[in-house]
Amino acid sequence: MTEQSIPARSGGNRHGQEPGRAGRGRGLARVAAALFASGLVAAGTLAGATAATADEATQHQGGAVAVLDGLKTYGTAELNTGKGKKPQELPAGLFEMKVDGGGTIQTYCIDFHTPTKDGAKYLETPWDQSSLGANEDAGKVRWILQHSYPQVNDFAALAEKAGTGPLDEKTAAAGTQVAIWRFSDKADVTAKDPNAEKLADWLEKNAENVAEPKASVGLSPAAVSGKAGEQLGPITVHTDAGQVSVAPPADAAASGVQVTDKAGKPVTEAADGTDLYFSVPEDATDGSASLSVQASTSVPVGRVFAGLIKSQTMILAGSSESTVSATATATWAEKGAVPAVTAEKNCAKGGVDITASNTGDEAFTFELAGTEHTIPAGETRTVTIPVGEDEAYDFTITGPGGFEKNFKGVLDCETAGTPAPGDNGGTDTQTGASPSPATTTGGSSAGGSTGGGDLAATGGSSATPIIAGVAIVLVVVGGGAVFLLRRKKPQTSAE
């Protein structure tokens, strides 16, 4: 391993960066300008991220879905809050989540100053759709996870290798979390226990960049289209599990739609790299169907978990056998435009990519965010819808023959950052096991429910006045809360 020196601590953070939220404020100002120009989001959508919380229709690219169950194993860390100020004590360690369908996972935090909502639902997420996507040290975070607790649970061996004194669950968890924060958030943070601090220093010094792990399971593309009588696909399985079970459409017996391989043979099991197809009978009426794949497996260490609401982003440290799944859909029609639509967060561009393909025999013209787009037969186009950092989005996309897709979520591509000196919004950072009442009211840009517990309260945000101002203007402008993707009626020569 290549050894690196430990950065000296200073009045800023461990990596010599001055604390502040100026960048986030400028980002919100840019979002405000964009909203004035296009009226993309109504006040209810901007101010009410809770609209995205309970809806299971939120797009998910596959993997585990889990609910936060609290901070379970932790010690104490100290955050340097500025020159001349007393360090702030806070808990640091392992969270647990309950996986939908069965299983438990353990995670560490990678978004230090963001509130964590008790009972929040999380989705397994690629790195590039989280704050790790633009973090050059993302691979070092995964290395730390691979070389410390709970992946290494022989505390005597870990202590000997790291050159610390005795370690136990709490000190090992605290030291590991502190080391992660130094890379994920560039935080000037230390473990209060001397042995935990020595472990954090050893992990930081020896960490190397390693690759992002595979998804536990996923399907690509998540939507296909075509004509009845054809094989629609391929849809490729991506999984870290040995194999996955394949479930056909719920009404397969009545519709005759099957899930097959390229040769047309029905498929009930698949492995990584397997191509699946929807086999649609020639006499099938225009419609749609879905397939799902599922496995019971350990989710790979280093997978990110992002909240459906604005909630502290997590990274997986350990997993029991857990249920993971992914779904893909197919749409078919006899004639005309036949669209297939998917959505994916695009952190690099600060928005959500809406990708629409047209396998029909007519051009597909639609309007999205005030701009008209035409997809010729047989082509695919992607449109990026701007969404502000930490904002909820809710896109309903419609097409011919009753076609409709809804995509919801929160764009969370950055860590909250260290509060600037004198910014009271960030002086109460907590990640303790005892939830405190949520400070949000009605609709909050943080997306929290007023009745939920708050495991990492950071107080009010300096962005609140900007958000409120934008919301008021949007009421006046009358921006729509949803985006409609619709096929235009063909014009006659008289029009």
Q: Taking all non-hydrogen atoms of both residues into account, name the closest pair between V141 and S184 and its distance.
A: CG2-N, 4.2 Å
Q: Could you tell me the separation between the NZ atom of K161 and the CG atom of D154, rounded to the nearest 0.5 Å?
A: 11.5 Å
Q: Please check: side-chain N/O of S245 versus main-chain N/O of Q294, any donor-acceptor pairing under 3.5 Å?
A: yes
Q: The test is side chain to side chain contact (heavy atoms under 4.5 Å, CB included); show your working for W332 and L232 and say whether it passes.
A: CA-CA 9 Å; W332 59 90; L232 310 185; 4.2 Å; yes
Q: Can you tell me if D240 uses its side chain to pair, donor with acceptor, with the backbone of P300 under 3.5 Å?
A: no
Q: A side-chain contact here means heavy atoms from C-beta on lying under 4.5 Å apart; do P339 and N358 qualify?
A: no
Q: So H147 and N206, do their side chains get closer than 4.5 Å, heavy atoms only?
A: no
Q: Between N135 and F183 (side chain of the first, backbone of the second, donor and acceptor by atom type, cut-off under 3.5 Å), is there such a pair?
A: yes
Q: Identify the two heavy atoms, one from T239 and one from S216, that lie closest to each other, and give their separation to 0.1 Å.
A: OG1-O, 2.6 Å
Q: If you apply the rule side chain to side chain contact (heavy atoms under 4.5 Å, CB included), what do you find for F395 with V341, and how did you get there?
A: CA-CA 12 Å; F395 306 143; V341 181; over 6 Å; no
Q: Kindly compute the distance separating CG (L94) from CD (E96), expressed to the nearest 0.5 Å.
A: 8.0 Å
Q: If I compare all heavy atoms of Y122 with all of F305, which pair ends up nearest, and what's the gap?
A: CD2-O, 3.4 Å
Q: Less than 4.5 Å apart, any side-chain heavy atom of P91 and any of L71?
A: yes
Q: Within the 4.5 Å heavy-atom criterion, are D100 and K121 side-chain neighbours or not?
A: yes
Q: For V237 and A270, which heavy atoms make the closest approach, and how far apart are they?
A: CG2-CB, 4.1 Å
Q: Decide yes or no for D412 and D390: does some side-chain heavy atom of the first lie under 4.5 Å from some side-chain heavy atom of the second?
A: yes
Q: Strictly by modelled atom types, are D111 and S131 linked by a side-chain donor-acceptor pair under 3.5 Å?
A: no
Q: Got a donor-acceptor contact below 3.5 angstrom from the E282 side chain to the G229 backbone?
A: no
Q: Report the relative orientation of the aromatic rings in Y149 and F155; use parallel for angles under 30°, tilted for 30 to 60°, perpendicular for over 60°.
A: tilted
Q: Please find the pair of heavy atoms, one from D69 and one from K98, that lie closest to each other, and give the distance.
A: OD2-CE, 3.4 Å
Q: Is the backbone N or O of Q258 less than 3.5 Å from a side-chain atom of T260, with the two atoms forming a donor-acceptor pair by type?
A: no
Q: Quick one: do the T329 and K405 side chains pair a donor with an acceptor below 3.5 Å?
A: yes
Q: At what distance, to the nearest 0.5 angstrom, does CZ of F95 lie from CD1 of I105?
A: 12.0 Å
Q: Main chain of A138, side chain of W143: is a donor-acceptor contact present, judged purely on distance under 3.5 Å?
A: no
Q: In Å and rounded to the nearest 0.5 Å, what is the NZ to NZ distance from K117 to K310?
A: 11.0 Å
Q: I need the R381 CZ to T374 OG1 distance, nearest 0.5 Å.
A: 8.0 Å
Q: Between D137 and R182, does at least one N-O distance fall below 4.0 Å, as a salt bridge requires?
A: no
Q: Using a 3.5 Å distance criterion without hydrogens, assess whether the side chain of Q177 forms a donor-acceptor pair with backbone atoms of C109.
A: yes
Q: Please identify each residue that fulfils salt bridge (charged side-chain N to carboxylate O under 4.0 Å, His left out) with K227, with sequence neighbours left out.
A: D361
Q: Counting only heavy atoms from other residues, nucleotides and ligands, does the tally under 6.0 Å from CD of E379 exceed 12?
A: yes
Q: Taking C-beta and beyond as the side chain, do I385 and Y393 meet within less than 4.5 Å on heavy atoms?
A: no
Q: Within the distance-only criterion (no hydrogens, no angle test), does the side chain of D201 pair as donor or acceptor with the backbone N or O of K205 below 3.5 angstrom?
A: no
Q: Only pairs at least two apart or in different chains count here, so list each disulfide bond (SG atoms under 2.5 Å apart) that has a residue in residues 209-326.
A: none
Q: E389 side chain to C413 main-chain N or O, any donor-acceptor pair under 3.5 Å?
A: yes
Q: Just by distance, with hydrogens left out, do T382 and T355 show a side-chain donor and acceptor under 3.5 Å apart?
A: yes
Q: For T164, run the side chain to side chain contact (heavy atoms under 4.5 Å, CB included) check against T171, L199, L158 and tell me which one passes.
A: L199
Q: How long is the straight-line distance from CD of E321 back to OG1 of T297, given to the nearest 0.5 Å?
A: 5.5 Å
Q: Taking the side chain as everything from C-beta on, heavy atoms only, tell me whether T415 gets closer than 4.5 Å to H113.
A: no
Q: Sequence neighbours excluded, which residues qualify as salt bridge (charged side-chain N to carboxylate O under 4.0 Å, His left out) partners of K214?
A: D272
Q: With side chains defined as the heavy atoms from C-beta onward, is the minimum distance between L219 and T327 less than 4.5 Å?
A: no
Q: What residue among I315, V210, T107 forms side chain to side chain contact (heavy atoms under 4.5 Å, CB included) with L145?
A: I315
Q: Looking only at non-hydrogen atoms, find the nearest pair between D261 and Y277 and report the distance.
A: C-CD1, 3.7 Å
Q: Do side-chain atoms of E212 reach the backbone of W127 as a donor and acceptor pair under 3.5 angstrom?
A: yes
